[in-house]
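Presented below is the structure to which this report refers.
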There are 2 protein chains.
Amino acid sequence: MSTSIPETLRSHGIQPSAQRLAVAEYVLDTTAHPSADQVWGKVRERFPMISRATVYNTLNLFVARGLLRQHALSEGRVVFDPNTEPHHHFIDETTGAIHDVPWDAVDVRRVAELRGLDVREYQVVMRGRRKGKAEKA
Amino acid sequence: MSTSIPETLRSHGIQPSAQRLAVAEYVLDTTAHPSADQVWGKVRERFPMISRATVYNTLNLFVARGLLRQHALSEGRVVFDPNTEPHHHFIDETTGAIHDVPWDAVDVRRVAELRGLDVREYQVVMRGRRKGKAEKA
DNA sequence: TCACCCCCTTGGACTAAGTCTAGACCTCGA
DNA sequence: TCGAGGTCTAGACTTAGTCCAAGGGGGTGA
Ligand SMILES: [Mn+2]
Ligand SMILES: [Mn+2]
Ligand SMILES: [Zn+2]
Ligand SMILES: [Zn+2]
């Protein structure tokens, strides 16, 4: 039982509105790492009159208030991620899909010892193919 | 005493031309991780008639032939990197500058053990500020 | 030397991602 | 009821990047 979406928005200082709820319902509950235009496409299925500018404004607002993170992992694609905890990413070179990798699944050491660099955050970005699971037709 | 630039191009299967040499002279010898349009701006200083399309074509060709790597590290910026050996990157949040971090300066373990993922390559992407060196005016 | 061919370069059209703006529209409190 | 602020919208605008059709240039063989 988690808090309702309007509550979540308010607790991050965001005034709920019909459009913002429609965006939040999709983007706060996906692991697909969608782009802004993909979010627009998805939200329009249930809310056809929402404008592109509103989706961009809403996503940028959510990022500014810490509800979402924004990543530029693969060429030219900026994506949104509701997982705001530290974690790593794996990019499937075949499909372009981005998968989360739990923070503790990888060991990274000696980052804090780098001379001259004050590292505030970091992640491991991996590329390759998903194993097993025969390719879907 | 390294090989000449025309030799380098030929050894990667690239026919030298005046334009390609001008691009190569700059981009194979920078640590600045420039964008395509930054390369265009720089090359035009010495070769003012070179077209934008040629710079993009040349950079893409260099990437295809393994002379350059392309990275999308920070939001919306695709940059070119003549360092084709494995290494990590540090992004200065203040200036946006991208710095190379030697492969051995960081320890990454257990990447190969990830179940279901065939990791072909990876790097650590770090963000923060450069220490020391008072900010330049 | 000349002609031909192939590759290269060029400017401009085109596309896609993203931002900005001006006005319409809500909502809520006085 | 009214006004003020905040929100939404369509469309113009910007920027990165690709595509295209036409022109140019250099090597090779006659
Ligand atoms: Mn939060
Ligand atoms: Mn090489
Ligand atoms: Zn993620
Ligand atoms: Zn680099």
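Please read all numbers here as calculations on a predicted model, not as lab measurements. Here is how names work: the chains are called A, B, and so on, in the same order as the sequence lines, proteins then strands, and each is numbered from 1.
- Computed from coordinates, the A:Leu21 CG to D:dT7 C1' distance equals 13 Å when rounded to whole Å.
- Separation of atoms CG (A:Asp81) and CD (A:Gln70) is listed at 11.0 Å; rounding is to 0.5 Å.
- Between A:Gln15 and D:dG5 there is no side-chain N or O to OP1 or OP2 distance below 4.0 Å.
- Counting heavy atoms from C-beta on, the side chains of B:Thr30 and B:Pro34 come closer than 4.5 Å.
- For A:Thr54 and D:dC8, the shortest distance from a side-chain N or O to OP1 or OP2 is not below 4.0 Å.
- Protein atom CD of A:Gln19 is 11 Å distant from nucleotide atom P of D:dA10, rounded to whole Å.
- Taking the ring centroids of B:Phe80 and B:Trp40, they lie at or beyond the 6.0 Å cut-off.
- Note on B:Arg69 versus B:Glu121: salt bridge recorded, some NZ/NE/NH1/NH2 to OD/OE distance being below 4.0 Å.
- Regarding B:Arg44, its CZ atom lies at a distance of 15 Å from the C1' atom of C:dT9, rounded to whole Å.
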Collect all protein-nucleotide pairs involving nucleotides 17-19 of chain C in which both atoms are nitrogen or oxygen and the distance is under 3.5 Å.
unit_1 : atom_1 : unit_2  : atom_2 : d
C:dA17 : OP2    : A:Asp37 : OD2    : 3.2
C:dG18 : OP2    : A:Tyr56 : OH     : 3.0
C:dG18 : N7     : A:Arg52 : NH1    : 3.2
C:dG18 : N7     : A:Arg52 : NH2    : 2.7
C:dT19 : OP2    : A:Asn60 : ND2    : 3.4

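- Residue contacts for A:Ser17: at a heavy-atom cut-off of 4.0 Å it reaches the sugar-phosphate backbone alone, with no base atom in range.
- Atom CE of A:Met49 and atom P of D:dA10 are 10 Å apart (whole Å).
- Counting all heavy atoms, side chain and backbone alike, B:Gly66 lies closest to B:Thr84 at O-CG2, 3.6 Å.
- Contact check on B:Arg52 versus B:Asp37 returns a salt bridge, with a Lys/Arg side-chain nitrogen under 4.0 Å from an Asp/Glu carboxylate oxygen.
- Rounded to whole angstrom, the span from the CH2 atom of B:Trp40 across to the P atom of C:dG12 amounts to 11 Å.
- Between B:Gln123 and the choices B:His87, B:His89, B:His88, the side-chain hydrogen bond (donor to acceptor under 3.5 Å, both in side chains) rule is met once, by B:His89.
- In this entry the distance linking CD1 of B:Ile50 with P of C:dG12 reads 17 Å, nearest Å.
- Atoms NE2 (B:His71) and C1' (D:dA16) sit 19 Å apart, rounded to a whole Å.
- When the nearest nucleotides of DNA chain C are assigned to A:Asn57 and B:Arg20 by heavy-atom distance, the more 5′-ward of the two goes with B:Arg20.
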